[in-house]
Chemist: 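What follows is a single structure, and I will ask about it in a moment.
Computation of the quantities below employed the complete heavy-atom set of this structure, encompassing side-chain atoms and omitting hydrogens, waters and symmetry-equivalent molecules. By convention here, the first residue in the shown sequence is residue 1. Note that the structure is predicted; figures quoted are calculated from it, not measured.
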Amino acid sequence: LCDLGNVIVFVNEGKIIEGISKYSNKNKGYICRFFNRSIARSGFDKGKISAEQFFRHFKTNLNLKLNFSQFKKIWTSCFSPNKEMEELLKKLKKNYNLVLLSNTDEMHFTYIKDNYPILDIFDGIILSYKVGYKKPSPLIYLHALKKTGRFPSHILYIDDIKGYVRAAKLFGIKSIQYKNFKKLKIDLKQNNIKI
């Protein structure tokens, strides 16, 4: 099991805030707080609202002077590749089934799928906006266990967020917090993962 953001692709949310600030009369501090606390963002990640509804929520609350197309471009501007991780996944694929487990929204995932072919390597994909719940909800881990069809002790999970790693461990899933690539390779070796 592998997380997406800040594991397979790096995420710089500052680029979104920077981009939005050019179309708003609100200061960056206000935009940043709104971005981090937005109820609509959580709803979007769970697939409860559409991309258009999400855009309208941001446009109204931040007084944005831009159209949906411009917003979409800014919203998807935050990604960059983790080439080392891409190469590692290709090696892992030779010996293991790979399943993606990500908190993400429709706009972000569509963009990543179109621009990062490495996602085609996965045998299964579990996305918060598709299943309707986010990590660390127990329901998303139960969904992952069902999808893999494996005993928890036969699964290894990689995520950059400590709380999500901890939640997976409660199910008996062996889990590693991704801090950097060098540390990940050491952790994989300690878990007897063939690379």
Side-chain angles (χ1 to χ4, degrees), residues 1-83 85-86 100-119 122 125-141 143-144 158-168 177-180:
L1 281 175
C2 188
D3 180 36
L4 178 57
N6 287 321
V7 178
I8 300 169
V9 295
F10 294 119
V11 183
N12 179 358
E13 293 181 340
K15 283 190 174 182
I16 297 174
I17 293 158
E18 182 71 35
I20 284 174
S21 70
K22 292 172 184 172
Y23 296 91
S24 174
N25 58 3
K26 309 287 186 188
N27 66 48
K28 280 186 192 170
Y30 182 93
I31 293 167
C32 188
R33 284 190 298 277
F34 178 80
F35 177 88
N36 289 319
R37 297 173 186 169
S38 168
I39 296 167
R41 194 172 160 209
S42 180
F44 193 34
D45 278 351
K46 292 178 186 174
K48 306 293 185 197
I49 61 172
S50 70
E52 289 78 12
Q53 287 172 311
F54 178 69
F55 162 61
R56 284 198 297 273
H57 180 79
F58 265 65
K59 185 173 182 172
T60 302
N61 284 279
L62 296 176
N63 195 26
L64 298 177
K65 306 296 183 197
L66 80 176
N67 61 35
F68 178 67
S69 180
Q70 290 169 306
F71 179 79
K72 189 175 179 180
K73 192 172 182 182
I74 293 167
W75 192 251
T76 57
S77 68
C78 58
F79 303 110
S80 60
N82 182 349
K83 293 291 187 185
M85 194 65 191
E86 287 184 15
L100 187 73
L101 177 61
S102 177
N103 284 354
T104 191
D105 62 65
E106 181 189 349
M107 271 195 283
H108 276 169
F109 187 73
T110 301
Y111 176 85
I112 293 169
K113 187 90 172 91
D114 290 345
N115 291 277
Y116 294 87
I118 191 64
L119 291 199
F122 285 94
I125 292 178
I126 302 161
L127 308 170
S128 61
Y129 84 91
K130 289 273 194 186
V131 297
Y133 25 81
K134 294 170 59 175
K135 296 175 280 185
S137 166
L139 294 172
I140 202 163
Y141 297 101
H143 192 93
I158 303 165
D159 198 304
D160 65 306
I161 296 175
K162 191 175 184 179
Y164 300 170
V165 167
R166 200 166 35 229
Q177 185 183 4
Y178 182 97
K179 293 181 179 177
N180 58 62

Chemist: To the nearest 0.5 Å, what is the distance between OH on Tyr111 and SG on Cys78?
Modeler: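 Separation between the atoms: 8.5 Å.
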
Chemist: Between Asp3 and Ile158, does a side-chain contact (heavy atoms from CB on, under 4.5 Å) hold up when you go through it step by step?
Modeler: CA-CA 6 Å; Asp3 180 36; Ile158 303 165; over 6 Å; no

Chemist: Are side-chain heavy atoms of Ile74 and Tyr23 found at a separation under 4.5 Å?
Modeler: yes

Chemist: Just wondering, do Tyr141 and Tyr164 contact through their side chains at under 4.5 Å, heavy atoms?
Modeler: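 When only atoms from C-beta onward are counted, Tyr141 and Tyr164 do touch, with a gap below 4.5 Å.
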
Chemist: With sequence neighbours left out, write down each residue that passes side-chain hydrogen bond (donor to acceptor under 3.5 Å, both in side chains) with Ser137, or none if nothing qualifies.
Modeler: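 Residues passing side-chain hydrogen bond (donor to acceptor under 3.5 Å, both in side chains) with Ser137: none at all.
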
Chemist: Do you know which two heavy atoms are closest between Gly163 and Pro136, and how far apart they sit?
Modeler: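 Where Gly163 meets Pro136 most closely, the heavy atoms are O-CB, 4.4 Å.
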
Chemist: Among residues at least two apart in sequence or on other chains, which ones pass side chain to side chain contact (heavy atoms under 4.5 Å, CB included) with Asp105?
Modeler: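 Phe44, Asp45, Trp75, Met107, His108.
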
Chemist: Hey, what do you get for CD1 (Ile126) to CG (Asn103), rounding to the nearest 0.5 Å?
Modeler: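 Rounded to the nearest 0.5 Å, the CD1-CG separation comes out at 11.5 Å.
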
Chemist: With sequence neighbours excluded, give me every salt bridge (Lys or Arg N to Asp or Glu O under 4.0 Å) pair touching residues 12-21.
Modeler: Glu13-Arg41, Glu18-Lys28

Chemist: Does Glu86 have any side-chain hydrogen bond (donor to acceptor under 3.5 Å, both in side chains) partners at least two apart in sequence or in another chain, and if so, which?
Modeler: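 Partners of Glu86 under the side-chain hydrogen bond (donor to acceptor under 3.5 Å, both in side chains) test: none.
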
Chemist: Using side chain to side chain contact (heavy atoms under 4.5 Å, CB included) as the criterion, list what pairs up with Asn27, not counting sequence neighbours.
Modeler: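 Partners of Asn27 by the side chain to side chain contact (heavy atoms under 4.5 Å, CB included) criterion, ordered by chain and then number, come out as Tyr30.
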
Chemist: If you define the side chain from C-beta out and look only at heavy atoms, does anything of Ile8 sit under 4.5 Å from Ile112?
Modeler: no

Chemist: Hey, does Val131 have a side-chain heavy atom less than 4.5 Å from the side chain of Leu139?
Modeler: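 The answer is no; the side chains never approach within 4.5 Å.
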
Chemist: Within the side chain of Lys135, is there an N or O that forms a donor-acceptor pair under 3.5 Å with the backbone of Leu101?
Modeler: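 Yes, the answer is positive, given that a donor and an acceptor are paired below the 3.5 Å cut-off.
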
Chemist: Atom NZ in Lys113, atom CD1 in Ile118: separation rounded to 0.5 Å?
Modeler: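 That separation rounds to 11.0 Å.
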
Chemist: Do Thr76 and Thr110 have side chains that get closer than 4.5 Å, going by heavy atoms?
Modeler: no

Chemist: Should Ser80 and Asn12 be marked as a side-chain contact (heavy atoms from CB on, under 4.5 Å) after you check the CA-CA gap, both sets of side-chain angles, and the distance that decides it?
Modeler: CA-CA 8 Å; Ser80 60; Asn12 179 358; over 6 Å; no

Chemist: Please report the C-alpha distance between Ile31 and Phe58 in whole Å, then the side-chain angles of each, then the deciding distance to 0.1 Å, and finally whether the side-chain contact (heavy atoms from CB on, under 4.5 Å) criterion is met.
Modeler: CA-CA 10 Å; Ile31 293 167; Phe58 265 65; over 6 Å; no

Chemist: May I have all residue pairs that pass salt bridge (Lys or Arg N to Asp or Glu O under 4.0 Å) and include part of residues 49-61, sequence neighbours excluded?
Modeler: none

Chemist: Using only atom types and a distance under 3.5 Å, with no angle test, would you say the side chain of Ser128 pairs donor to acceptor with the backbone of Thr104?
Modeler: yes

Chemist: What are the two closest non-hydrogen atoms of Gln177 and Ile161, and how far apart are they?
Modeler: NE2-C, 4.4 Å

Chemist: As an exercise, state the distance from CD1 of Ile17 to OG of Ser24, rounded to the nearest 0.5 Å.
Modeler: 12.0 Å

Chemist: Please round to the nearest 0.5 Å and tell me the distance separating atom SG of Cys32 and atom CD1 of Ile16.
Modeler: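 If I round to the nearest 0.5 Å, the distance is 11.0 Å.
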
Chemist: Residues two or more places apart in sequence or in another chain: which of them pass side chain to side chain contact (heavy atoms under 4.5 Å, CB included) with Asn6?
Modeler: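 Side chain to side chain contact (heavy atoms under 4.5 Å, CB included) check on Asn6 returns Phe10, Val11, Asp160.
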
Chemist: Can you give me the closest heavy-atom contact between Phe122 and Cys2, atom names plus distance?
Modeler: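 Residues Phe122 and Cys2, closest heavy atoms: CE2-CB, 4.1 Å.
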
Chemist: What verdict does the side-chain contact (heavy atoms from CB on, under 4.5 Å) test give for Phe109 and Ile125, after you've listed the backbone C-alpha separation in whole Å, the side-chain angles of each residue and the deciding distance to 0.1 Å?
Modeler: CA-CA 11 Å; Phe109 187 73; Ile125 292 178; 4.1 Å; yes

Chemist: Quick one: side-chain hydrogen bond (donor to acceptor under 3.5 Å, both in side chains) partners of Tyr178, sequence neighbours excluded?
Modeler: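 For Tyr178 the side-chain hydrogen bond (donor to acceptor under 3.5 Å, both in side chains) partners, ignoring immediate neighbours, are Asn82.
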
Chemist: Please name all residues satisfying ring pair (Phe, Tyr, Trp, His ring centres under 6.0 Å) with His57, sequence neighbours left out, ordered by chain then number.
Modeler: Phe34

Chemist: Can you name the residues that form a salt bridge (charged side-chain N to carboxylate O under 4.0 Å, His left out) with Lys48, not counting sequence neighbours?
Modeler: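 Lys48 satisfies salt bridge (charged side-chain N to carboxylate O under 4.0 Å, His left out) with no residue once adjacent residues are dropped.
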
Chemist: Which residue pairs pass the salt bridge (Lys or Arg N to Asp or Glu O under 4.0 Å) test when at least one of the two sits in residues 60-78, sequence neighbours left out?
Modeler: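 For residues 60-78, and leaving out neighbouring residues, there are no salt bridge (Lys or Arg N to Asp or Glu O under 4.0 Å) pairs at all.
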
Chemist: Could you tell me whether the side chain of Phe71 reaches within less than 4.5 Å of the side chain of Leu64, counting heavy atoms only?
Modeler: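 Yes; the side chains approach each other to less than 4.5 Å.
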
Chemist: Taking side chain as C-beta onward, heavy atoms only, is Glu106 less than 4.5 Å from Phe54?
Modeler: no

Chemist: Calculate, to the nearest 0.5 Å, the distance between atoms NE2 and CG belonging to His143 and Leu127 respectively.
Modeler: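 Interatomic distance, His143 NE2 to Leu127 CG, rounded to 0.5 Å: 9.0 Å.
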
Chemist: Going by the rule side chain to side chain contact (heavy atoms under 4.5 Å, CB included), which residues pair with Pro138 if we only count those two or more places apart in sequence or in a different chain?
Modeler: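 Pro138 satisfies side chain to side chain contact (heavy atoms under 4.5 Å, CB included) with Phe171 only.
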
